[in-house]
Amino acid sequence: MKPETPRFAVVGHPNKGKSSIVSTLSEDDSVQISSIPGTTVKSREFPMRVGDELLYVLIDTPGFQRARRALAWMQERETDAASRPGIVKDFVLNFQDTDEFQDECELLAPLVTGAGILYVVDGSAPYGPEYEAEMEVLRWTGRPSMALINMIGDGDFASQWQDALGQYFRIVRVFNALHEDFDKRLELLRAFGQLDERWREPLERAVRGLNSDRQRRRDRGSRYIAELLYDILTISETRKIGPLDDPEDFKESLLEKFKQSLLNREAACRDRIESLYAYHKLERDEENLELFDEDLFSEQTWLLWGLNRTQLIATGAVGGAAIGAGIDLAVGGADLMLGTVIGTLVGGASAVYSSDKLAEVKVLGLPLGGNELKAGPTKNINFPYVLLGRALHHHAVIASRTHAQRDALVIERDTDSFTLRNMTDDLRKSFEKQFVAIRRNSEDGGAESATRDLADLVRRAMVEAESAVGSTN
Amino acid sequence: MIKRCSSPFVLVFYASEAVTFQKIQTHVNTPDRSTGTLLADLVDLGPELEKDDAVALADRQRRDAQFSQSLPASLGPLDRVSAWLRHRGDDSETEGERVARGRRVITLLLALAGLLTGWVVAMALFRYDGTHPVNVMWVLAVFVGLQLITLFLFLVAALPQAASRLPGLSGLQSALVGLSPGRIGLALTRLLPAGSRHALNAFVGRSAKNRRLFGGVTRWIVLHWSQVFALMFQVGAIAGALSLVVFSDLAFGWSTTLDLGAQAVHRAASALSLPWSIPAPHAVPSLDLVESTRFFRLDPKRAGDIASASAENLTRWWPFILLSMIVYGLIPRLLTLILSARRVRSNAADAIRFFPGTDELLDRMNGNIIKTQAVEPEVQMPKPTYHTLGTVESASASAAVIDWSESGLEESAIDQLLGDTLGYSRGMLQPAGGARSLAEDQSVIDAIVTVKDGPIVVIVKAWETPMLEFLDFLRDLRRAVGERRSIVVVPTGVDNGAVAPARDEDASVWAERLETLGDPWLKFKAVAA
């Protein structure tokens, strides 16, 4: 049998979770989900593509509004059971440009052109006889169909619904659009393939594609978190201060700037991960990152060509060593390399002495250097773990969230212990080694390989963190 | 369109880069790709992506996917980003191009400075006034020894991060980058025109803020500058030496206070000459040459030896010196120049590739991604006109009751609801809606019409949605009973046949829907908690 692109119209009573199912399955948070009936006024297609290949199409439709009236019109024209699909088609042709059955035409149009039926009901509310007319209309279309019991609220009338729906639909499944995890969503997609043999293959490909996309997201998410960790371990804020300035006057504002810088980086990482999982309208409710008590300030001399005091001393020492080595060479090493040692000490000491003096020299009216106050980077050994814990927790929550959830994303505290609780000794040691290496090399390049190594560790930690969230939810 | 250009100068200094670039980016088929282009892309990428954030995601996806179709499929990610940037730009010079231009100018200045310094130093060291010959020891110390030392320092500074885990090496590397003459390049920004100066300073400032992305690029730009200076220093020195050899009469000798014999110097010279001993044996100093060209400044007796050395011997050192300068000074510098240029490029490429937003941009451009979202935006529901509903007057009256769609309330519960919520007593009770036919609904309306007075109460299930079918029924009912007669809609909860409060959100949905009818005698009262 030749495979064809499956199309599924999500139909049902107004306001019973059709859009939330579409939103979850299509990972589209632009779908309006509202308690006001009739929010969906036009059918809207959600094509699932891998590259240029179209694998299936979900169609969100408005709900039935005048099902009994529509059924009555159809019943008036019925000659036998075989005539029913044709009558439904006639119904759409007859009323598609009128106001009377606007919603019915919108939802029936995809069915008469070959779409399968996904009939959605709210399993948290009791069954009522007003659903029978619309189920009968759907039966008249003759299309393959499946009923989904969406558990929107707190009640549980699923078994009542199953009894009723079983009389109209071959397959009935319970699916919670708000809370089903990724695997359950894939399972549902596979189940769509049971409706028509020709749909099975494209749906299987879609499932494979979504699975590999999941892996891609996890890889990228770990990369983004690794970048955040690298940045947090290396960033600092500096402020040049005059010789007569009291550094204390600037500490508060500099600390604030430093904190803000950390928060901005963390927020940017959150945004990237949310965007990676196709969340674009998410509100976050998360307590701000807190700094540990530590002295973040240092004063240093800066020089025009970017050398700080330490570098200048090292430079002086290297220069002194070179001169000393020349002396050693001249005497054929008879001084037992004393020249190099003395040269290093003298060079370093003179650089210590001269750095302040050099900073005061002006060339063309511009100073060669001066003093600067520096806040950060943080040296606290726990800080990166806290940050990692928060980031992993955020990622896990996002990865397990559905697009039908429209409440703010609440990130709870205690995420630091969350990380450490789930981390093996081996992994923690690897992190520690990497953190130390990054801190030591913060002035230099090589960031890319360090970030890559860190991303590998984050990926390992992510798997543990996700399983922890899965078990707590 | 953004146009990236390379000056003739850059072609000279980046000839080496062009060779390696082919190896790194074999898929690149745009002829004008250069380090300058990468740098310009890197600088322009941030602001362009930021500007793009204002465009709706669906529009960006559509636009970038469409643009991507006009590009060759074989184009790599960096070229795609570059093409995207060019596509967005206009004819004016971008910030990135100003940075790239500033870097080129500084490279040129450093090259000129190196060339001049090399020439001047060569003139000083090869100076021969006829009294004392040019001291080969000095020449080798400066043009070979010093070059090898600085070369070693460069290699230490260039060691990858993995090696810098050795204790103390990281600090030394940092100091060596600071010591690098390439640092002068940063100071030279003061000489640039305002546009390039500001752009380059802003780039350096951004590098300090984000070392992960830009740290490697700026570090290698500085190291590359130092190699440009060192290479051109050697070129200047070789050119100076050659010009003196060609246009003047030089005499070479060697002299040292150290206890070094001719044998030792010959051994050292022979070792240095090893690389060219086969192809150019005449450029290997012989022991006879070494012995005959030694001079002693303060030994008049032995000073006579140098005077007696043949004029031919005194000039025979120059091929050895020139080849030493080329082999130990020029060629290694050329290699380190290539290495540093390659590292600038790879760091810039990494920074572009991992720039926040690049992934997302490539996703939008790349065909091989998964999309499940809607293509078209959702049609917004036109806002209906709302009319205020009438208030229920609490008067004792007998009400005709319609139980819509089988609320599930028992009759006693309905009585209780009427009494407690409205103060009414029950008159006629009719079921309508639900699984009943439209004709049955009509007969309910006909029955209600027979009761001439009193309000009509319609009980509905609060949790269900008020559908158009129900509004149709209310309209038909109104037409049948006429104006002024109260029709009261009562949404209720049901708990095992008993009355339960309606949820506030359900009640407000019902109220809002009824307000669209514009019926001034239509009233609303939800069962409250």
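Because the structure is predicted, anything quoted here is derived from the model rather than measured. Residue numbers start from 1 in every chain, and the chains themselves are labelled A, B, ... in the order their sequence lines are given, proteins ahead of strands. Side chains included, hydrogens not; waters and symmetry mates left out as well; all remaining heavy atoms used.
- Salt-bridge annotation for A:Arg223 and B:Asp359: absent, with no side-chain N of the basic residue lying under 4.0 Å from a carboxylate O of the acidic one.
- Of the two parts of A:Glu53, neither the backbone nor the side chain holds a non-hydrogen atom closer than 4.5 Å to a non-hydrogen atom of chain B.
- How far CG of B:Leu468 is from CZ of A:Phe101: 10.5 Å, rounded to the nearest 0.5 Å.
- With a 6.0 Å radius and a threshold of 12 heavy atoms from other residues, nucleotides or ligands, B:Asp504 has its CG atom at or below the threshold.
- Neither the backbone nor the side chain of A:Ala133 comes within contact range of chain B; no heavy atom of the residue lies under 4.5 Å from a heavy atom of that chain.
- The pair A:Glu130-B:Arg436 does not meet the salt-bridge criterion, since no charged nitrogen lies less than 4.0 angstrom from a carboxylate oxygen.
- In this structure the side chain of A:Arg272 reaches within 4.5 angstrom of the side chain of B:Pro356, judged on heavy atoms.
- Heavy atoms from other residues, nucleotides or ligands lying under 6.0 Å from CG of B:Asp53 number more than 12.
- By number of non-hydrogen pairs under 4.5 angstrom with chain A, the leading residue of B:Leu213, B:Thr372, B:Val217 is B:Thr372.
- What you find for A:Pro129 and B:Lys461 is that their closest heavy atoms are CD-NZ, 4.2 Å.
- In this structure, A:Arg69 does not pair ionically with B:Asp441, as no charged nitrogen and carboxylate oxygen lie closer than 4.0 Å.
- The environment of A:Gln215 atom CD is dense: over 12 non-hydrogen atoms of other residues, nucleotides or ligands sit within 6.0 angstrom.
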**Request:** Test B:Glu360 against A:Arg220 for side-chain contact (heavy atoms from CB on, under 4.5 Å), laying out the working first.
**Result:** CA-CA 10 Å; B:Glu360 291 82 351; A:Arg220 278 211 192 152; 5.6 Å; no
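- Listed for the B:Thr465 side chain is no donor-acceptor partner under 3.5 Å among the backbone atoms of A:Asn15.
- Residue contact with chain B, scored on non-hydrogen atoms closer than 4.5 Å, involves the backbone of A:Phe64 exclusively.
- Interface residue A:Leu210: backbone and side-chain heavy atoms are both found under 4.5 Å from chain B.
- Judged by distance alone, the side chain of A:Gln65 and the main-chain N or O of B:Met467 form no donor-acceptor pair under 3.5 Å.
- A:Glu132 touches chain B through its side chain: at least one heavy atom from C-beta onward sits under 4.5 Å away, while N, CA, C and O do not.
- Heavy-atom pairs under 4.5 Å with chain B peak, among A:His13, A:Met48, A:Arg66, A:Lys16, at A:Arg66.
- Side-chain contact between A:Arg216 and B:Asp363: present, with at least one pair of heavy atoms (C-beta onward) separated by less than 4.5 Å.
- Residue with the most contacts toward chain B among A:Cys269, A:Pro126, A:Ala125: A:Pro126 (heavy-atom pairs, distance under 4.5 Å).
- No other option in B:Asp472, B:Thr218, B:Leu471, B:Asp350 has as many heavy-atom pairs under 4.5 Å with chain A as B:Asp472.
- Shown here is A:Glu76, whose CD atom has more than 12 heavy atoms of other residues, nucleotides or ligands within 6.0 Å.
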